[in-house]
Visitor: 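Structure incoming, see below.
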Amino acid sequence: MKKIATALLLAVLCAYSQVHAQNRADELMKQAQENLAKREYIKARYLFLQAYNAFSSQDKYDKAVECGVNASALYHRENYYKEAFELLRGADMVVAAGEQKSGKPLPELRFRISKERLQMYIGLKNPARAKEQLARLEETAKASRNDSLNNDLLYTQANYYYTFGQNAQGDDAINRLIGKYKEQKNYAKVDECYKTLIGIARKANNAVLTARTYDKYILWTDSVKALTARDELNVLKQKYDESLATIQDKDDSLSAKQYIIIGLCVLAAILAAALVFGAIVLLRFIVLTRKQKKAISIANEHNELKTQFIRNISAQMEPTLDTLDASLPGVKALRGFSNHIQELSELESTLSEPYEMQEKNIATFCETVMDRMKGKTQEDVSLTVNAPKLNVKISPEHLERILLHLLENAAEYTPAGGKIWLDFKKRGAHTHQFIISDTGCGIPEEQRENIFKPFTEIKDLTQGDGLGLPICSLMATKMNGSLTLDSSYTKGARFVLELHA
């Protein structure tokens with residue numbers, strides 16, 4: 001009896017521990033989703049990782065993959081691609097273990113993992129590796145024979161093709177998906193397709209695709225009412241024909257024929273009403289299209305006038321500044337402000353014209369730039385360069401100007417005995433970063449959001465006009481890159497200049 005009681009007690013304790021562990025994993029996942037909604041990304045990532053490990057240990061493969069993919073997305077959101085890829089490899093091993101235990105494939109889970117890898121390679125602007133993942137997704141979807149996965153595949157194909165400028169293939173993928181939903185008369189899904197396509201176009205910064213899709217969406221929204229009316233009309237017609245057949249079977253008399261004539265008249269009236277409704281829809285579409293074109297034209301005209309106005313202000317300042325004493329600090333500040341306005345306007349109007357690139361030894365280049373900072377720092381500030389002897393295509397003049405501006409800012413705010421670093425790192429086959437870090441006072445949190453935006457605050461021009469970082473950001477854009485502030489660095493300030501070859 002004692003042995004039986006002991007066994008029962010152990011079974012109860014085991015069941016309780018399993019239930020507790022499962023509840024704990026679900027709670028971690030819930031907390032991670034809540035933090036993600038609040039945009040507390042680091043905390044959300046940590047909780048997703050904890051939930052992923054918990055679900056993996058419980059053989060909850062679907063939830064484990066969901067948490068692993070979410071954590072990976074949060075990793076590469078902050079450019080931690082190495083950690084993201086390692087996490088996805090671990091998720092692949094979890095799925096493989098699940099397939100071995102269950103004795104059947106798990107294509108839905110493998111599809112999610114491969115799709116996340118595809119998104120990462122799209123983010124890295126690596127079309128070759130992205131295409132490999134797309135091919136894996138196609139094989140997985142084909143093997144699964146799952147309509148949901150095949151529909152998701154068409155969305156993913158459209159995203160890939162539009163991102164890398166293959167609009168014809170993107171149109172083919174999305175049109176096939178829309179065609180399937182139209183055949184099923186699933187108009188809500190068609191509406192969702194157009195909204196998703198607009199989101200893809202905006203994410204890819206494809207203004208032409210956005211405008212074209214928006215026009216199609218407006219046309220669809222107006223025409224779906226007519227389609228619905230036509231479907232209802234067909235249902236009514238079918239019921240009416242069935243009634244006619246019943247009448248004909250029961251009584252093939254003159255009265256039945258008269259009813260048929262009356263019914264045909266009613267049908268003709270309905271068809272006429274449908275034609276009138278279609279004409280109203282068409283007229284409304286034409287009016288909306290004209291309004292939209294007019295609004296776009298006015299917006300473009302206002303933007304051009306704004307740019308011209310800023311240029312004119314700068315040009316009109318020059319004759320007056322020439323009459324003033326150039327040695328005065330205020331005059332120097334105004335002249336510098338005028339030059340910055342001119343340069344900012346010129347950069348905004350030539351963003352689509354990239355700089356000419358040259359191949360340079362990156363170690364020599366970085367050392368040369370850092371040498372120019374000697375004598376410009378506080379006492380005992382150490383200057384360090386970490387860059388490999390590697391040849392990289394860059395625009396030397398503009399890259400040097402950006403780095404010098406960032407280093408001069410670091411020198412200004414780094415106290416005596418501090419440190420300033422210039423690091424170079426490769427983040428992929430065609431992606432590299434220049435990272436400038438210091439141990440200064442850092443940038444106040446309330447100012448971080450606007451440091452790359454011009455004219456966001458009124459300040460004494462002798463203390464700087466605040467246009468240096470906006471100009472550097474535009475230069476980075478013209479070099480097919482971006483300039484950002486690393487908000488996770490808390491020992492001073494750290495700027496990351498990421499360039500794509």
Side-chain angles (χ1 to χ4, degrees), residues 111-112 114-228 230-231 278 281-282 284-286 288-293 295-297 299-300 351-352 480 500:
F111 186 95
R112 289 202 64 182
S114 296
K115 182 180 177 182
E116 184 61 22
R117 281 201 186 94
L118 172 63
Q119 298 302 324
M120 291 164 64
Y121 284 126
I122 288 176
L124 288 168
K125 303 298 182 183
N126 190 334
R129 298 303 298 273
K131 190 173 183 180
E132 292 176 5
Q133 297 303 317
L134 187 62
R136 290 185 181 180
L137 288 177
E138 291 171 353
E139 293 174 0
T140 304
K142 184 177 180 181
S144 70
R145 297 180 180 179
N146 186 316
D147 287 340
S148 178
L149 282 190
N150 283 300
N151 292 345
D152 196 355
L153 173 64
L154 290 173
Y155 274 127
T156 308
Q157 287 175 329
N159 186 18
Y160 167 84
Y161 290 130
Y162 286 131
T163 300
F164 294 108
Q166 302 177 42
N167 291 344
Q169 294 92 326
D171 288 342
D172 179 65
I174 205 70
N175 287 336
R176 277 189 287 151
L177 184 59
I178 290 174
K180 288 174 62 176
Y181 289 138
K182 284 184 177 179
E183 288 178 0
Q184 299 168 4
K185 297 183 179 180
N186 192 339
Y187 300 141
K189 283 291 185 180
V190 175
D191 190 82
E192 180 182 325
C193 284
Y194 280 116
K195 290 180 179 178
T196 302
L197 182 54
I198 291 171
I200 292 172
R202 287 177 176 171
K203 187 175 180 181
N205 292 324
N206 192 331
V208 175
L209 178 61
T210 302
R212 177 159 57 87
T213 306
Y214 190 72
D215 286 343
K216 289 182 178 179
Y217 179 59
I218 292 175
L219 179 61
W220 164 255
T221 303
D222 291 334
S223 63
V224 71
K225 296 178 181 178
L227 289 172
T228 304
R230 188 180 65 185
D231 291 339
V281 169
L282 180 61
R284 184 169 177 268
F285 169 74
I286 293 172
L288 288 174
T289 302
R290 288 178 179 174
K291 287 182 178 179
Q292 182 189 13
K293 290 181 178 178
I296 293 173
S297 175
N300 290 335
L351 277 180
S352 60
N480 192 25
H500 305 285

Visitor: Among residues at least two apart in sequence or on other chains, which ones pass ring pair (Phe, Tyr, Trp, His ring centres under 6.0 Å) with Tyr121?
Guide: Phe85
Visitor: Checking Asn126 now: which residues fulfil side chain to side chain donor-acceptor pair (under 3.5 Å) with it, not counting sequence neighbours?
Guide: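 Partners of Asn126 by the side chain to side chain donor-acceptor pair (under 3.5 Å) criterion come out as none, since no residue qualifies.
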Visitor: Which residues pass the side chain to side chain donor-acceptor pair (under 3.5 Å) test with Asn151, sequence neighbours left out?
Guide: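 Here the qualifying residues are Lys180, Tyr181.
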Visitor: Evaluate Asn159 against Gln119 for side-chain contact (heavy atoms from CB on, under 4.5 Å), listing each step before the verdict.
Guide: CA-CA 9 Å; Asn159 186 18; Gln119 298 302 324; 3.4 Å; yes
Visitor: What donor-acceptor contacts under 3.5 angstrom involve side-chain atoms of residues 130-139, with partners at least two apart or in another chain?
Guide:
residue	atom	partner	partner atom	Å
Glu132	OE1	Arg129	NE	3.1
Glu138	OE2	Gln157	NE2	2.8

Visitor: Go through the steps for Lys125 and Asn480 under the test side-chain contact (heavy atoms from CB on, under 4.5 Å), then give the verdict.
Guide: CA-CA 11 Å; Lys125 303 298 182 183; Asn480 192 25; over 6 Å; no
Visitor: Applying side chain to side chain donor-acceptor pair (under 3.5 Å), name anything that partners Asn150, two or more places apart in sequence or on another chain.
Guide: none
Visitor: Who passes side chain to side chain donor-acceptor pair (under 3.5 Å) against Gln166, sequence neighbours left out?
Guide: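 Listed in chain order: Gln169.
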Visitor: What's the verdict on side-chain contact (heavy atoms from CB on, under 4.5 Å) for Tyr162 and Ile174, showing C-alpha distance, side-chain angles and the deciding distance?
Guide: CA-CA 10 Å; Tyr162 286 131; Ile174 205 70; 3.9 Å; yes
Visitor: As an exercise, state the distance from CG of Asp152 to OG1 of Thr140, rounded to the nearest 0.5 Å.
Guide: 11.5 Å
Visitor: Provide the closest heavy-atom pair for Ala158 versus Ala173 in the form atom of the first, atom of the second, distance.
Guide: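 Between these two residues, the closest heavy atoms are N-CB, 4.0 Å.
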